[in-house]
Protein chains: 2
Amino acid sequence: MNTAELLKSCYLCKELNVQELNSLADIVLIRTVDKGEILFLQGDRANGFYTLLSGLIRIYKASPEGKEYTLHIIRPGQMFAEAAIFSGEVYPANSLALEESVVVFFAKDRFVNLLANSPQISLKMISALSGFVRDFNQQIENLSLKEVSARLALFLLSQAEASGQNKIVLDTSKSELANSIGTISETLSRNFRKMKELGIIEIDGKSITILNFDKLKAISEGEKV
Amino acid sequence: MNTAELLKSCYLCKELNVQELNSLADIVLIRTVDKGEILFLQGDRANGFYTLLSGLIRIYKASPEGKEYTLHIIRPGQMFAEAAIFSGEVYPANSLALEESVVVFFAKDRFVNLLANSPQISLKMISALSGFVRDFNQQIENLSLKEVSARLALFLLSQAEASGQNKIVLDTSKSELANSIGTISETLSRNFRKMKELGIIEIDGKSITILNFDKLKAISEGEKV
DNA sequence: TAAATTACTTGACTTATATCAAGGTCATTT
DNA sequence: AAATGACCTTGATATAAGTCAAGTAATTTA
């Protein structure tokens with residue numbers, strides 16, 4: 001895969017078109033970091049920020065007494081060390097690869113230059129990130145719905161709404177779905193069965209048909225199943 | 001409060017300094033929307049995007065058959081209708097104030113102009129939003145820790161780490177804390193008591209002192225209490 | 001200061017859901 | 001066609017946490 005294609009997987013670049021991705025690709029540096037390797041240390045001169053393409057990075061500080069504490073665990077797609085580039089000239093924390101990782105380095109000078117010349121790119125980045133902020137906010141709201149049935153109902157409704165159809169075809173395994181709505185496959189399975197028995201949905205493998213939208217909506221709003 | 005101060009509460013503007021906020025303030029329009037009022041309709045010409053300062057906005061579409069469905073519920077701090085400004089020239093959905101709301105309108109032309117002249121502002125906006133994306137991601141991770149004790153331990157540790165002290169003073173009510181870690185006050189109360197009995201923490205009203213960091217860490221990682 | 005309101009704690013009870021264990025279904029390989 | 005393995009379903013059980021109800025402590029109002 002070329003650099004532009006790789007970049008696309010970052011939250012930051014989600015809205016960019018091929019041309020824009022290419023102009024970004026020209027100014028970044030892609031680097032592989034081995035498991036256990038240090039990417040930068042607290043106090044190192046900070047000339048830019050990073051995004052993570054794959055792997056896992058730990059950002060941590062060491063207190064004067066020598067105790068370490070974790071500030072962030074960085075997951076693929078995320079940007080990190082961006083605070084450094086204007087709050088000061090050095091990284092305020094250490095970073096360590098918890099797994100073999102691929103990172104993208106954005107040199108501050110070149111990045112600012114690019115933004116100055118293409119405000120359209122700024123706009124798209126801001127927009128993309130705002131969208132994620134909104135979605136994650138929503139997801140946090142949803143996860144605090146206590147019942148699995150409510151979260152499942154919400155998932156089904158949002159899928160149906162997004163496609164404009166009453167038939168949903170899962171694009172993941174049911175275990176993954178379970179995980180994404182904050183439960184386990186057994187519980188998901190039981191919830192599906194219950195809804196099926198009540199005539200709310202019909203299931204055939206990965207395809208689910210909604211038969212009773214109103215009931216599903218009521219469940220998503222907390223009604224007992 | 002003046003416009004610049006109001007703007008500061010948006011995710012977008014979190015990193016901006018007074019001067020930058022002022023230059024933004026010069027190009028935006030603040031508007032109050034009554035409960036039940038429509039801000040824009042699907043198909044309306046889109047010259048810019050919004051952020052919400054207070055209130056609650058529903059973004060929804062109407063299907064050809066006349067059925068409505070909600071795309072997003074916008075909460076204070078969030079940006080909305082930003083997709084419109086480059087994907088097309090019209091808003092792709094309707095927006096309705098569910099409560100009396102205060103919104104900020106950013107005209108696209110003026111905003112792009114500002115970004116082009118001050119790439120520093122772009123950089124800070126991108127950085128601020130990236131930070132929120134990371135934090136929310138983290139919060140989603142944390143909420144899916146099944147045990148309340150683990151979530152509470154995580155909260156205590158992160159507070160202590162942030163302040164560098166082993167004494168935490170809550171800046172909210174305990175009910176609010178309960179809600180923010182995804183439980184209710186009774187359960188929180190019982191968890192506090194348990195930790196107190198085990199000598200892990202000491203509580204006096206709103207101030208909590210951590211006596212055993214290691215144990216707390218173990219609990220945050222799933223150890224039974 | 002007393003009364004009243006609000007916030008927190010505690011106990012008894014119920015329930016949703018995770019866990020453990022077993023069996024079934026489906027697709028792919030041999 | 002039999003065998004393998006991944007995924008899903010189902011049942012039995014245990015338990016964390018929510019609900020309901022009552023009491024205590026803290027704060028505000030009069």
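Note that the coordinates shown come from a computational prediction; the quantities given were computed from them, not determined experimentally. Just so we're on the same page: letters track the sequence lines, and every chain starts at 1.
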Problem - Which residues share a side-chain hydrogen bond (donor to acceptor under 3.5 Å, both in side chains) with B:E202, sequence neighbours left out - result: none

Exercise for the section: Under the side-chain hydrogen bond (donor to acceptor under 3.5 Å, both in side chains) rule, collect the residues that match up with B:N2, sequence neighbours excluded. Expected result: B:E5

Separation of atom [atom1] in [X] from atom [atom2] in [N], rounded to whole Å:
X	N	atom1	atom2	value
B:L177	C:dA7	CG	P	15 Å
B:E197	C:dT9	CD	P	13 Å
A:L170	D:dC7	CG	P	14 Å
B:D204	C:dC8	CG	C1'	14 Å
B:I208	C:dC8	CD1	P	11 Å
A:I203	C:dT25	CD1	C1'	15 Å

Exercise for the section: Report, as a single string ordered 5' to 3', how protein heavy atoms within less than 4.0 Å touch nucleotides 10-18 of chain D: B base, S sugar-phosphate only, - not at all. Expected result: BBB---SSB

Practice task
Would you confirm whether A:R151, through its side chain, and A:G182, through its main-chain N or O, come within 3.5 Å as a donor-acceptor pair?
Solution key: yes

Practice task
Using the test salt bridge (charged side-chain N to carboxylate O under 4.0 Å, His left out), find all partners of B:R58 that sit at least two apart in sequence or belong to another chain.
Solution key: B:E68

Using residues 28-41 of chain A as the side-chain source, report each donor-acceptor pair under 3.5 Å to any protein atom, sequence neighbours left out, with the distance given to one decimal.
residue, atom, partner, partner atom, Å
A:R31, NH2, A:E37, OE2, 3.1
A:E37, OE1, A:D34, N, 2.9

Practice task
Could you list the residues that satisfy ring-ring contact (aromatic ring centres under 6.0 Å, His included) with A:F80, not counting sequence neighbours?
Solution key: A:Y50

